[in-house]
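All values derive from a computational prediction rather than experimental measurement. Side-chain atoms are counted along with the backbone in the values below, which use heavy atoms only and exclude waters and symmetry mates.
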Amino acid sequence: MDRGTQRMTSGAAVLLVMALVGGASWHFLDNLEGRLQEKVGDIVDLRKSPLHESAVADAAEKVDRVLFRFEYDHLYQADKYAHSAGQHPDVKVLAVTGETHWQTGVTLVLRVTGHGVEIGADGSVIKERDEHICFRLQLGPENDTREDDIACPTGAPVPVTKDPSLAGIDDRLKSALQSAGSNEDAVRAALVGLQLDPAIRQDVGARNRTVGVGLRASQYDCILVRITSKGAELWRPAHTQLAPGEMSCTAETALSSAFGKYPH
């Protein structure tokens, strides 16, 4: 074999080796990239993933309900905002600053548990999980604004006492007080027997052989009962009637002419 042929053969061998090495390197790097994406993908792409965006959307709907309740209850004080927000399931208050809506403005930072779901092309669920999504609400003094999906601050949530509830007790309450009749002592004993949440304020009074009962769990959660010889009558006043400065949730109201009358 002459020298020219040897050089051509050697050159071809070198090219072949380089191609093999290059192909192996490309394959290695490709696999490495895939493995890295598997390891850190959740960290790098978390905030852009369909799963995360789905969790943000779910959490945002919960914040919508928080804001609706603020407006519905005509709130304006910082502590009232925080207390109201903390009553909602999956919502924690991380920070509250300011005093009132129209003077200083009030800033709330909420941590909301959002449920994320990633759906495949065929409509099946690929992956799902809960995530903590944070929101900043600026309420006043001039405009209300909100920032979704902010970086969650560290630290423990602001302590918020959960209100008791009168939900689902109507039938039990009516049955117990119906049996007690228009006897104040028997009515009080019947209420004790129901073992209601001690945080529910109970007020009992009697007049003209009629017993009145007022049960209040929170500002807008009230049941009034009037018991006569004919039986027990329950009434839940309308939301507007229970606003601060309006109707009291007491035995006196249950015994008054206002009982059972909704606003026109």
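Residues Val204 and Leu196 fall within the same hydrophobic cluster, defined by Ile, Leu, Val, Met, Phe, Trp and Tyr side chains chained together at heavy-atom separations under 4.5 Å. Under the 4.5 Å side-chain contact rule for hydrophobic residues, Val112 and Leu108 share a cluster. In this structure, Val91 is not a member of the same hydrophobic cluster as Tyr220, with clusters built from ILVMFWY side-chain heavy atoms closer than 4.5 Å. Leu242 and Ile223 are members of different hydrophobic clusters when ILVMFWY side chains are connected at heavy-atom separations under 4.5 Å. When the side chains of ILVMFWY residues are joined at heavy-atom separations under 4.5 Å, either directly or via intervening members, Val106 and Leu94 end up in two distinct hydrophobic clusters.
Taking every heavy atom of both residues into account, Val211 and Ser182 meet most closely at CG2-C, 3.7 Å. Shortest non-hydrogen contact noted between Ala199 and Pro164 is CB-CG, 3.7 Å. Of all non-hydrogen atoms in Ala180 and Ala190, the two that sit nearest each other are CB-CB, 4.1 Å. Residues Leu139 and Phe70 share a closest heavy-atom pair of CD1-CE1, 4.0 Å. The shortest heavy-atom contact between Gly98 and Ala78 is O-CB, 3.3 Å. In terms of heavy-atom proximity, Pro237 sits nearest to Cys222 at CD-O, 3.8 Å.
Among residues two or more places apart in sequence or in another chain, the salt bridge (Lys or Arg N to Asp or Glu O under 4.0 Å) test is passed with Arg201 by none. Residues that satisfy the salt bridge (Lys or Arg N to Asp or Glu O under 4.0 Å) test with Asp197, not counting sequence neighbours, are absent from this structure. Annotation: side chain to side chain donor-acceptor pair (under 3.5 Å) contacts of Glu128 (sequence neighbours excluded): His115. The side chain to side chain donor-acceptor pair (under 3.5 Å) search around Gln219 returns none, not counting sequence neighbours. Applying the salt bridge (Lys or Arg N to Asp or Glu O under 4.0 Å) rule to Glu184 yields the partners Arg188; only residues at least two apart in sequence or on another chain are considered. Partners of Lys62 according to the salt bridge (Lys or Arg N to Asp or Glu O under 4.0 Å) rule, which considers only residues two or more places apart in sequence or in another chain, are Asp58, Asp90. Partners of Glu147 according to the side chain to side chain donor-acceptor pair (under 3.5 Å) rule, which considers only residues two or more places apart in sequence or in another chain, are Arg136. The side-chain contact (heavy atoms from CB on, under 4.5 Å) test applied to Ala189 returns no partner, not counting sequence neighbours. In this view, Ser218 satisfies the side chain to side chain donor-acceptor pair (under 3.5 Å) rule with no residue, not counting sequence neighbours.
Judged purely by distance below 3.5 Å, without hydrogens or angles, the side chains of Asn208 and Thr210 never pair a donor atom with an acceptor atom.
In this structure, His132 and Thr113 have side chains that are in contact, with non-hydrogen atoms separated by less than 4.5 Å. Using a 4.5 Å heavy-atom threshold, the side chains of Leu110 and Ile133 count as separate. Counting heavy atoms from C-beta on, the side chains of Leu166 and Leu215 come closer than 4.5 Å.
A donor-acceptor pair is defined here as one N or O able to donate and one able to accept, closer than 3.5 Å; no such pair exists between the side chain of Glu71 and the backbone of Leu67. Checked by atom type and distance alone, the side chain of Thr250 never pairs as donor or acceptor with a backbone atom of Gly214 at under 3.5 Å. Without hydrogens or angle criteria, Gln87 side chain to Asp163 main chain gives a donor-acceptor distance under 3.5 Å. Looking at Gln241, its side chain does come within 3.5 Å of a backbone N or O of Ala238 through a donor-acceptor pair. For Tyr81 (side chain) and Leu75 (main-chain N/O), a donor-acceptor pair under 3.5 Å exists by modelled atom type.
Taking CG from Leu177 and CG from Leu194, the interatomic distance works out to 6.5 Å, rounded to the nearest 0.5 Å. Going from atom OG of Ser84 over to atom CD of Gln77 covers 12.5 Å, rounded to the nearest 0.5 Å. Note that OH of Tyr72 and CZ of Arg65 are 16.0 Å apart. Values are rounded to the nearest 0.5 Å. Atoms CD1 and NZ, on Ile169 and Lys174 in that order, are 13.5 Å from each other to the nearest 0.5 Å.
Listed by first then second residue, pairs satisfying side-chain hydrogen bond (donor to acceptor under 3.5 Å, both in side chains) with a partner in residues 93-112 read Thr100-Gln103, His101-Asp144, Thr107-Gln138, not counting sequence neighbours. Legend: side-chain hydrogen bond (donor to acceptor under 3.5 Å, both in side chains) pairs involving residues 224-239, not counting sequence neighbours, sorted by first then second residue: Asp73-His239, Asp170-Arg236, Asp221-Arg236, Trp235-Tyr262.
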If you apply the rule side chain to side chain contact (heavy atoms under 4.5 Å, CB included), what do you find for Val187 with Ile227, and how did you get there?
CA-CA 9 Å; Val187 166; Ile227 308 107; 4.2 Å; yes
Mind running side chain to side chain contact (heavy atoms under 4.5 Å, CB included) on Asp149 and His52 for me, showing each step along the way?
CA-CA 10 Å; Asp149 197 17; His52 178 72; 2.9 Å; yes
Please lay out, stage by stage, how Val192 and Gln202 fare under the test side chain to side chain contact (heavy atoms under 4.5 Å, CB included).
CA-CA 10 Å; Val192 171; Gln202 303 181 24; 6.0 Å; no
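Annotation for Tyr76: atom OH does not count as buried by contact number, only 12 or fewer foreign heavy atoms lying within 6.0 Å.
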Would you be so kind as to tabulate the donor-acceptor pairs closer than 3.5 Å made by side chains of residues 151-162, with sequence neighbours excluded?
unit_1 : atom_1 : unit_2 : atom_2 : d
Lys162 : NZ     : Gly86  : O      : 2.4

